[in-house]
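Order of appearance sets the numbers: ligands from 1, and atoms from 1 within every ligand. Only this structure's heavy atoms are used, side chains among them; waters, hydrogens and symmetry mates stay out.
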Amino acid sequence: MHLARFPRVRLAHLPTPLEPLPRLSEALGVELWIKRDDCTGLAGGGNKTRKLEFLLGDAFEQGADTLVTQGAVQSNHVRQTAAAAASHGLKCEIILEERTGSKATDYTRNGNVLLDRLFDASIRTVPGGTDMAAELEITAEAVRKRGGKPYVIPGGGSNPTGALGYVDCAREIVVQADELDMQIDRIVTATGSAGTHAGLVAGLAVMGADIPVLGIGVRAPKDKQEANVLKLAKETAALLGRPDAVTDAMVVADCDYVGAGYGLVDEAVIEALKLAARTDGIVLDPVYTGKAMKGLIALARAGRFENETVVFLHTGGAQGLFGYQGEIEGSL
Ligand SMILES: *Cc1c(COP(=O)(O)O)cnc(C)c1O
């Protein structure tokens, strides 16, 4: 793999801890560990920071002065991008899609949005269902017209360059497990724009680590999610010089826990937030890690992880929790 071949800007506190979850393990009857990528450090942390290390490396190599990206209103990716830009003297142009339709003040103003503004990002908001790839190009063109040099980061930072961040995370997990003399049977992660899942799969495959990854979907149906992840995992392996390392069977997504849709909270998600908080003091988010934990809990209760040691990748997102006060507080 030799990731030092790729330009990189250090942003994250690494390695993130790999810790046991003793009380949640007992509650679910599974040996459960947690990889704390909620503790990557940048602007409160989260999974996008690892991707941004390689994306910013590429941006600087291309001489960019403005980062351009997009996400849902309460996007954690956008918040971490805005912080990375601020801390490196870059301008940041962001486009927020009203994907969930929520007009609640906490959703539109608090949480990640408040932080985006604190980091002085320029924000443009568009209706749900807008062609966001086209909007990125419109903004990039406007930056060029004013004499700037845009670097366009796709939603979630999910392209092969961004996915290198999760190739590195796969390496980190395997090193930590070896140091602990711990055999990992499965890694469980939320899977959305696919870069996290794809980077893990590509990294594990290139290392020959033979650890299955289960992605719990937060938006797309299973066949679409698996196709997106597989395509990106193969492209990422190719970038690492091992185009044949990833096989179709390595990519597995379970998209039965999306509920009513992306960013929409249901009772089982709130139950997952409460269980993680009240057993091991872990703060999950309602959009990604809460849905992934909802799935993990249901699968554990159905006996799907019997005799396994499972690592739950905590991808962050707690900042978004403050956009959901109205949906959650009545159930606490
Ligand atoms: C973006 C995000 C994810 C999903 O990661 P992808 O690489 O987009 O699939 C999971 N959890 C949190 C908290 C996120 O912000």
Side-chain angles (χ1 to χ4, degrees), residues 16 34-40 42-52 54-55 69-84 96-97 99 111-112 115-116 132 153-170 187-203 213-220 224-233 235-236 251 253-255 257-258 262-263 269 272-273 276 282-296 312-324:
T16 59
I34 188 165
K35 175 65 172 166
R36 297 296 301 270
D37 271 17
D38 55 324
C39 300
T40 54
L42 179 73
N47 61 339
K48 304 314 180 307
T49 300
R50 287 188 191 266
K51 302 180 186 181
L52 285 162
F54 292 95
L55 291 164
T69 198
Q70 58 94 356
V73 171
Q74 282 294 337
S75 166
N76 302 297
H77 161 68
V78 163
R79 181 240 317 154
Q80 289 161 85
T81 302
L96 298 181
E97 180 195 0
R99 196 183 294 165
N112 284 303
L115 293 169
D116 297 340
M132 297 304 283
I153 299 177
S158 287
N159 59 18
T161 300
L164 290 177
Y166 274 85
V167 170
D168 192 39
C169 181
I187 298 171
V188 175
T189 179
T191 183
S193 68
T196 302
H197 190 175
L200 286 175
V201 167
V213 179
L214 173 62
I216 311 252
V218 299
R219 187 178 186 188
K224 186 170 174 214
Q225 187 65 23
E226 288 183 341
N228 288 346
V229 174
L230 182 64
K231 177 170 180 287
L232 184 52
E235 289 169 355
T236 306
V251 173
D254 185 337
C255 299
Y257 303 96
V258 177
Y262 173 88
V269 171
L273 297 184
I282 299 293
V283 182
L284 302 177
D285 82 291
V287 182
Y288 297 97
T289 54
K291 288 230 166 121
M293 187 57 78
K294 168 187 169 183
L296 189 154
F312 178 74
L313 175 65
H314 192 329
T315 44
Q319 295 70 21
L321 189 58
F322 302 101
Y324 285 83

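At least one donor-acceptor pair closer than 3.5 Å links the side chain of Gln74 to the backbone N or O of Asn112. Although no hydrogens or angles enter the test, the distance criterion places a donor-acceptor pair under 3.5 Å between the side chain of Tyr324 and the main chain of Gly263. Between the Thr315 side chain and the Asn47 main chain, no donor and acceptor come within less than 3.5 Å of each other. No donor-acceptor pair closer than 3.5 Å links the side chain of Lys48 to the backbone N or O of Thr81. At least one donor-acceptor pair closer than 3.5 Å links the side chain of Thr40 to the backbone N or O of Gly46.
The side chain to side chain donor-acceptor pair (under 3.5 Å) with Thr16 is formed by just one residue from the set Asp37, Thr49, Asp38; it is Asp37.
For Ala194, every heavy-atom contact with ligand 1 shorter than 4.0 Å involves the backbone, none the side chain.
The closest protein non-hydrogen atom to atom 9 (O) of ligand 1 is Gly192 N, 2.7 Å. Scanning the protein for heavy atoms near atom 11 (N) of ligand 1, the closest one is Thr315 OG1, 2.6 Å. Remark: minimum distance from atom 13 (C) of ligand 1 to any protein heavy atom is reached at Gly316 O, 3.2 Å. In this structure, atom 8 (O) of ligand 1 lies nearest to the protein heavy atom Ser193 OG, 2.5 Å. Shortest contact from atom 5 (O) of ligand 1 to any protein heavy atom: Asn47 ND2, 3.0 Å.
Numbered from 1 in the order shown, with element, the atoms of ligand 1 that lie under 4.0 Å from a heavy atom of Lys51 read 6 (P), 7 (O), 8 (O). Set against the non-hydrogen atoms of Asn76, the atoms of ligand 1 under 4.0 Å away are 13 (C), 14 (C), 15 (O). Here is the list of ligand 1 atoms found below 4.0 Å of a heavy atom in Gly317: 13 (C). Close approach to Thr191 involves these atoms of ligand 1, each under 4.0 Å from a residue heavy atom: 9 (O).
For ligand 1, the polar-atom distance check against Tyr288 finds no nitrogen or oxygen pair separated by under 3.5 Å. Between Thr196 and ligand 1, at least one pair of N/O atoms sits closer than 3.5 Å.
Separating the CG atom in Asp285 from the CG atom in Leu273 is a distance of 7.5 Å, to the nearest 0.5 Å. Rounding to the nearest 0.5 Å places CD of Gln225 at 8.0 Å from NE2 of His197.
The closest approach between any non-hydrogen atom of Gly195 and ligand 1 is below 4.0 Å.
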(request) Tell me, with the steps shown, if Ile216 and Lys291 meet side chain to side chain contact (heavy atoms under 4.5 Å, CB included). (result) CA-CA 8 Å; Ile216 311 252; Lys291 288 230 166 121; 5.6 Å; no
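With Gln74, Lys48, His77 as candidates, the residue nearest to atom 15 (O) of ligand 1 on a non-hydrogen basis is Lys48.
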